[in-house]
There are 2 protein chains.
Amino acid sequence: MKQKITLKQIAKELDVSISTVSKALKDSEEISIDTREKIKAFAKFYNYKPNNIALSLKNKKTKTIGVIIPEIVHHFFTTVIGGVEKIANEKGYNVIICSSNNSFDKEVINMEMLASGSADGFILSVAKETQLKKDYHHIQETINQGMPVVLFDRVIDELVCDKVIIDDAKGAQTATNHLLSLGCKNIAILTTVDYISVGKLRTRGYFRALRGFDIEEKEELVLKIEDIDNCESEIDEFLKNKNVDGIFAVNELFAVTAAKILNKQNKKVPQDVAVVAFTDGILSKHFIPSLTTISQHGENMGERAAMLLIDKLEDDETVAEEYRTVIIDTSLVERQSTKKAD
Amino acid sequence: MKQKITLKQIAKELDVSISTVSKALKDSEEISIDTREKIKAFAKFYNYKPNNIALSLKNKKTKTIGVIIPEIVHHFFTTVIGGVEKIANEKGYNVIICSSNNSFDKEVINMEMLASGSADGFILSVAKETQLKKDYHHIQETINQGMPVVLFDRVIDELVCDKVIIDDAKGAQTATNHLLSLGCKNIAILTTVDYISVGKLRTRGYFRALRGFDIEEKEELVLKIEDIDNCESEIDEFLKNKNVDGIFAVNELFAVTAAKILNKQNKKVPQDVAVVAFTDGILSKHFIPSLTTISQHGENMGERAAMLLIDKLEDDETVAEEYRTVIIDTSLVERQSTKKAD
DNA sequence: AGGTGTCACGAAAACGTTTGCGTGTGGAAA
DNA sequence: TTTCCACACGCAAACGTTTTCGTGACACCT
């Protein structure tokens with residue numbers, strides 16, 4: 001049960017000063033070769049590792065990136081984290097992940113906790129509750145304290161900082177256009193309530209696409225779902241007697257739920273109804289029929305966010321007073337759910 | 001761009017000593033009420049928050065739990081993390097998550113990094129590569145240094161520490177028994193190569209169930225898949241001309257892939273072939289037909305692991321020389337893929 | 001021998017806390 | 001007036017580093 005060894009202990013053991021040990025381990029010319037070798041051998045034997053905490057305190061930086069996401073059990077967010085980790089590790093940074101569980105309070109707590117010494121900067125996507133409350137003081141304060149913040153996916157326009165987003169409206173437009181170009185005339189949208197920024201934007205894109213094809217926008221074809229956990233009955237009710245021939249869903253779950261319901265209602269996907277989903281996840285890929293989706297390239301988002309943050313962290317502090325917004329391209333992944341009848 | 005305020009700055013500003021400030025903020029009787037109020041007001045105004053790094057250094061503890069998992073983009077592991085976070089937050093601990101990406105090297109690096117000051121203890125599930133190499137020195141060293149470690153899911157028998165597992169063999173047996181009790185006679189298993197501990201155990205359970213029903217174990221009904229990423233062709237080949245009436249898959253992906261292939265081969269699930277999967281994830285739930293699964297109760301695992309770890313962390317150091325292995329119950333979740341023909 | 005220079009190392013401050021103990025000031029008791 | 005005590009506060013060490021600067025010893029030159 002040997003405890004971690006410190007510089008002080010090495011110094012004592014070898015009867016030299018702490019500074020000598022520190023310098024020797026850094027191969028400083030100041031120390032004689034003999035002493036250097038001796039100290040290094042000793043340190044290696046006892047598996048000396050500098051204490052990160054002490055280093056952080058001294059250097060006023062932790063070499064750690066804090067990531068705060070609304071849900072940890074969520075495919076899209078985890079892919080983003082994957083991207084962040086990739087870049088972070090390349091550049092010698094660590095990643096701390098916290099989940100806000102879509103709770104405003106937990107988001108605040110996590111940020112304060114990480115801000116008070118544990119991380120040098122943040123990558124975050126705001127909680128649902130935060131978007132609803134429109135209370136961003138904790139983020140603003142963090143920025144004011146000089147900590148770089150990169151927002152992604154669910155961003156806040158009012159906040160001045162780096163952002164990584166996709167063009168949600170454009171992606172939705174692409175999706176809807178795809179349905180239109182297949183000949184669909186009666187396209188429904190399954191979306192979220194308006195305070196979810198991405199839901200709102202995707203709805204906008206849907207309308208834009210319809211206008212492009214000179215198709216009337218009908219309110220009765222729009223379903224705004226509040227509670228994702230039991231969307232099933234809502235969608236079921238909605239789809240009855242609607243006679244839609246295309247569905248655009250703003251996320252995977254709405255899409256597969258709809259597909260299952262169509263199945264029950266004896267309508268075939270894609271023959272009777274074509275379906276496109278936003279978010280290219282595991283569900284869409286393996287569903288039968290597999291779903292055509294708009295891919296958000298989450299890993300890519302994570303990578304770009306990490307790059308932006310690390311740039312800010314390593315810049316000369318003074319210069320970096322400009323903020324960038326990176327827009328990640330979405331792409332249409334065509335699968336069976338929109339296959340043309342041959 | 002005001003920087004974080006420190007005790008020292010408050011002290012200077014208010015013309016008292018640092019210790020006075022510290023004590024005042026802790027409401028120490030030593031300091032006069034007047035001074036206390038004044039300091040507290042000032043601190044509140046400037047939004048003073050103690051620096052965690054300094055505290056960690058002083059207290060020799062970080063109040064942080066390190067979690068290392070093989071994959072971050074993986075439903076089961078994220079549910080476990082959810083459980084860990086829940087308990088950790090209740091008890092005032094933070095959670096740092098690192099992914100080893102199933103790489104031995106990255107696992108070692110992450111552990112060393114977290115061990116050198118960033119976390120008080122570990123919850124971990126070992127990487128594939130580590131299981132293959134059978135090199136556990138990094139974990140052993142961490143334990144030797146007096147840091148508590150809790151292993152979960154993919155555990156290492158040789159390591160003496162707390163563990164949280166499920167009874168993989170028993171779960172597999174339950175699954176297979178379920179198929180047998182439905183009348184299946186020719187049950188195939190889709191499993192992993194043997195060095196994956198859980199795969200091996202689940203295979204064992206499958207055999208045990210067969211023996212229980214006095215059914216011959218046929219090697220030709222066992223498929224050990226090495227590369228999960230293109231298991232499709234392997235399974236396709238395997239299933240040809242086999243005439244199986246039941247399939248037990250050790251994970252979701254194998255199960256849905258098999259289901260899709262059966263579909264192509266014009267066999268119906270569950271009428272012609274019944275399917276059970278290990279791991280109750282999002283895929284099984286939403287697949288058509290929805291899959292009967294063995295649920296591992298990941299969140300529960302995470303909770304128990306966190307409890308074990310925190311117990312060790314908060315015990316009087318000296319006492320806690322006994323190690324526990326918690327076995328989480330699995331349960332059969334019946335869905336459409338094993339529905340009896342009516 | 002005195003001066004100069006180099007080599008090899010040590011002392012100490014700093015990062016931001018907490019906390020045991022020491023101490024100056026004042027008032028009250030003797 | 002002296003003594004004593006409580007009150008209210010400050011000092012300093014400690015946690016483990018890094019780094020600047022100082023310094024002792026020795027050798028070499030004149």
Side-chain angles (χ1 to χ4, degrees), chain A residues 2-40 42-43 46-64 112-113 115-120 145-146, chain B residues 2-40 42-43 46-64 112-113 115-120 145-146:
Chain A
K2 51 176 180 186
Q3 280 293 324
K4 299 232 69 174
I5 196 167
T6 69
L7 285 187
K8 190 192 275 192
Q9 293 168 43
I10 300 182
K12 194 171 169 190
E13 217 58 48
L14 260 41
D15 209 38
V16 291
S17 78
I18 297 180
S19 20
T20 303
V21 179
S22 174
K23 288 170 188 165
L25 293 176
K26 297 201 129 44
D27 237 344
S28 157
E29 297 291 337
E30 243 182 304
I31 308 297
S32 72
I33 303 250
D34 274 9
T35 317
R36 260 189 268 170
E37 292 305 327
K38 197 175 58 179
I39 292 178
K40 283 198 277 186
F42 190 91
Y46 282 99
N47 194 25
Y48 170 78
K49 291 267 157 38
N51 180 311
N52 280 328
I53 297 285
L55 284 181
S56 299
L57 184 57
K58 179 127 202 29
N59 301 331
K60 308 258 250 163
K61 55 172 79 168
T62 61
K63 278 272 181 183
T64 297
E112 286 185 348
M113 142 86 206
S116 58
S118 306
D120 296 339
Q145 279 167 15
Chain B
K2 49 176 181 188
Q3 279 293 326
K4 298 231 71 172
I5 195 166
T6 70
L7 286 187
K8 190 192 275 195
Q9 293 167 42
I10 299 182
K12 193 171 169 191
E13 217 56 50
L14 259 42
D15 210 37
V16 291
S17 78
I18 296 181
S19 24
T20 304
V21 178
S22 174
K23 287 169 188 165
L25 292 176
K26 297 201 129 42
D27 238 342
S28 156
E29 296 291 336
E30 241 182 306
I31 307 298
S32 72
I33 303 250
D34 274 8
T35 317
R36 260 189 267 168
E37 291 306 328
K38 195 175 60 180
I39 292 179
K40 283 198 278 187
F42 190 90
Y46 282 99
N47 195 23
Y48 169 78
K49 292 268 160 36
N51 180 310
N52 281 328
I53 297 283
L55 284 180
S56 299
L57 184 57
K58 179 128 200 35
N59 300 333
K60 307 256 248 165
K61 55 172 79 167
T62 62
K63 278 275 183 176
T64 298
E112 286 184 347
M113 143 84 206
S116 59
S118 306
D120 296 338
Q145 279 168 15

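Side-chain atoms are counted along with the backbone in the values below, which use heavy atoms only and exclude waters and symmetry mates. Just so it is clear: chains get the letters A, B, ... in the order the sequence lines come, proteins before strands, and each one is counted from 1.
For Ser19(B) and dC11(D), a side-chain-to-base donor-acceptor distance below 3.5 Å is present, hydrogens and geometry of angles not being considered.
With axes fitted over five pairs at each extremity, the angle between the ends of the helix from dA1(C)-dT30(D) to dA30(C)-dT1(D) is 90° (10° resolution).
Note that CG of Asn47(B) is 6.5 Å distant from CD of Glu112(A), once rounded to the nearest 0.5 Å. From Ile18(A), atom CD1 reaches atom NZ of Lys12(A) across 11.0 Å, with rounding to the nearest 0.5 Å.
Here the P atom of nucleotide dA14(D) and the CG atom of Leu55(B) are 19 Å apart, to the nearest Å. Between Glu30(A) atom CD and dG22(D) atom P there is a gap of 13 Å when expressed in whole angstrom units.
Residue contacts for Thr35(A): at a heavy-atom cut-off of 4.0 Å it reaches the sugar-phosphate backbone alone, with no base atom in range. Within the 4.0 angstrom heavy-atom criterion, base atoms lie near Lys58(B). The residue Ser32(A) sits close only to the backbone: its heavy atoms come under 4.0 Å of sugar-phosphate atoms, none of a base. Contact annotation for Thr6(B): backbone-only contact, meaning every heavy-atom pair under 4.0 Å involves sugar-phosphate atoms and none involves a base.
Between Asp27(A) and Arg36(A), at least one side-chain nitrogen of the basic residue sits less than 4.0 Å from a carboxylate oxygen of the acidic one, meeting the salt-bridge criterion.
Of all nucleotides in DNA chain C having an atom under 4.0 Å from a heavy atom of chain A, the first and last in 5' to 3' order are dA8(C) to dG16(C).
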